[in-house]
There are 2 protein chains.
Amino acid sequence: MAHASNSRGQTRIQKEKSEAILAAALKVFANYGFRGATIDQIADEAGLSKPNLLYYFKNKEDMHHQLIERILVIWLDPLRQFSATGEPVEEICAYVQRKLEMARDFPLQSRLFCSEVLQGAPNIMSELTGPLKTLVDEKAMLIEHWAKAGYINPVDPYHLLFSIWATTQHYADFSIQVEAVLAQNKQHWFVDASAHLDKLFRTLLKPS
Amino acid sequence: MAHASNSRGQTRIQKEKSEAILAAALKVFANYGFRGATIDQIADEAGLSKPNLLYYFKNKEDMHHQLIERILVIWLDPLRQFSATGEPVEEICAYVQRKLEMARDFPLQSRLFCSEVLQGAPNIMSELTGPLKTLVDEKAMLIEHWAKAGYINPVDPYHLLFSIWATTQHYADFSIQVEAVLAQNKQHWFVDASAHLDKLFRTLLKPS
DNA sequence: CTATATTTTTACTACAAAGTCAAATTTATT
DNA sequence: AATAAATTTGACTTTGTAGTAAAAATATAG
């Protein structure tokens with residue numbers, strides 16, 4: 001039986017196959033959303049038969065749930081790293097860069113998150129109003145403190161964060177539009193976007 | 001027969017019902033994407049039986065197609081209005097405000113567009129590489145001209161537009177996240193977001 | 001009011017998708 | 001090699017969904 005496994009944890013095959021399945025599921029869920037995705041499609045993408053896939057994950061929701069959980073960790077991580085030590089403007093600009101790199105390196109995760117939120121965040125609402133809000137409130141206080149101390153220009157910390165999330169994730173979520181408008185290949189936008197966003201936020205924050 | 005209609009065009013009932021159906025379809029497509037949406041759900045939302053709905057629209061794609069067409073017009077309109085007459089910084093900031101108002105007033109349209117692009121833009125790819133690209137190229141040239149003439153700070157015009165789209169549409173597409181983090185009701189974000197984005201782009205563009 | 005065009009409903013078909021089960025096969029252990 | 005455990009497959013049931021057809025009901029024009 002899958003996942004009952006032995007005392008040393010997962011089998012080699014279990015590790016390989018469930019990773020392959022999650023990778024396939026990420027691709028399909030990111031493109032079609034939870035309801036639009038089909039198990040057949042995911043199984044196909046992973047190179048397995050449907051019953052074989054269902055040997056590893058008991059149903060569609062199970063796969064989705066595991067993916068969403070992983071993404072929330074990845075998603076919150078750069079914000080956690082955002083620390084009070086270091087020069088404020090540089091700290092915020094470094095955060096922008098980290099987020100942009102994530103948009104380049106994990107576009108599917110960004111799209112799955114987008115898809116989930118678009119659908120009303122049915123599986124992560126409590127995460128948003130709980131841990132995310134707590135973390136954002138904390139960092140917002142830090143930003144306000146920086147503003148009051150004159151390290152950065154006064155700015156609405158919440159909307160600053162929204163702007164950072166929006167501009168960086170845009171390159172993952174709307175990459176097709178970005179590439180259509182620029183008539184460029186995959187991720188050619190990165191260098192220019194990086195310079196542009198650095199300038200955008202640096203100009204805003206630099207104390208006058 | 002529907003849509004064969006009489007010489008004066010559509011019947012009163014045809015006008016009313018097909019509008020009600022499109023409104024319902026917009027809601028459902030925006031939430032679940034094309035594949036995730038079901039005709040039953042749309043019919044339910046519109047208060048009709050499924051066969052009755054299919055009397056007005058021959059299939060699911062038909063509804064989606066009509067919605068997408070309408071949205072592309074609305075979507076491109078503020079960018080078209082973006083004119084060479086008037087003070088450059090004000091012109092761009094006014095564009096930001098128009099886009100933000102659209103995010104407030106037509107969130108479902110924004111989400112449907114987002115959903116379509118997320119899924120690889122299967123129905124609008126030619127619009128993106130054609131009319132949209134042409135229009136963007138044209139406006140990018142105008143912005144570059146403004147920069148060269150010293151009316152605005154030099155800036156990458158394409159990435160400027162991406163930033164504007166990203167920051168404004170974010171409030172429609174991620175409104176659930178925005179409202180969860182702010183712990184606020186619907187659209188309470190508008191006033192603060194408006195001030196924040198004005199400052200963000202005005203600071204960037206103001207010639208130094 | 002009545003004839004005609006229209007709208008709506010009921011009953012249906014065909015097919016896609018989720019998920020199960022037991023048998024067959026493969027892999028790991030001794 | 002023999003055995004046990006893990007993995008894979010094929011055949012299946014059930015439910016959901018798209019779409020059709022023809023009859024019934026309703027609205028509209030003369």
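Quick note on labels: first sequence line is chain A, next is B, and so on, each numbered from 1.
Between B:A103 and B:A172, the closest heavy-atom pair is O-CB, 3.6 Å.
Remark: aromatic rings of B:H159 and A:Y171 are close, center separation under 6.0 Å.
When heavy atoms are screened at a 4.0 angstrom cut-off, B:N52 is found touching base atoms of the nucleic acid. Within 4.0 Å (heavy atoms only), A:S49 reaches at least one base atom of the nucleic acid. In this structure, A:K60 reaches the sugar-phosphate backbone alone: every heavy-atom distance under 4.0 Å involves primed, P, OP1 or OP2 atoms, never a base. At a threshold of 4.0 angstrom between heavy atoms, the contacts of A:I39 are confined to the sugar-phosphate backbone, with no base atom among them. Residue contacts shown for B:K17 are limited to sugar-phosphate atoms, with no base heavy atom under 4.0 Å away. Backbone-only engagement by A:A37 is indicated by non-hydrogen atom pairs under 4.0 Å involving sugar-phosphate atoms exclusively.
Listed nucleotides D:dT7, C:dT8, D:dA18 differ in distance to A:Q14; the shortest reach to its side chain belongs to D:dT7. The side chain of A:K50 approaches C:dA18 more closely than any other nucleotide in the set C:dT7, C:dA18, D:dT17.
A:L48 has its CG atom 14 Å from the C1' atom of D:dA6, to the nearest Å. Taking atom CD of A:Q10 as the reference point, atom C1' of C:dA28 lies 17 Å away to the nearest angstrom. Computed from coordinates, the A:K15 NZ to D:dT7 P distance equals 11 Å when rounded to whole Å. Going from atom CG of B:D40 over to atom C1' of C:dA16 covers 14 Å, rounded to whole Å. Atoms CG (B:D62) and P (D:dA18) sit 14 Å apart, rounded to a whole Å. The separation between A:Y55 atom OH and D:dT7 atom P is 4 Å, rounded to whole Å. C:dG19 atom C1' lies 16 Å from atom CZ of A:F57, rounded to whole Å. Remark: P of C:dA17 and CG of A:D44 are 11 Å apart, rounded to the nearest angstrom.
A:T38 and B:R35 share no donor-acceptor pair across their side chains, judged by distance under 3.5 Å alone.
Looking at B:E19 and B:R70, a side-chain N of the basic residue comes within less than 4.0 Å of a carboxylate O on the acidic one, giving a salt bridge.
More than 12 heavy atoms of other residues, nucleotides or ligands sit less than 6.0 Å from atom NZ of B:K133.
Ranked by how close their nearest DNA chain D nucleotide is to the 5' end, A:P51 and A:R35 are led by A:P51.
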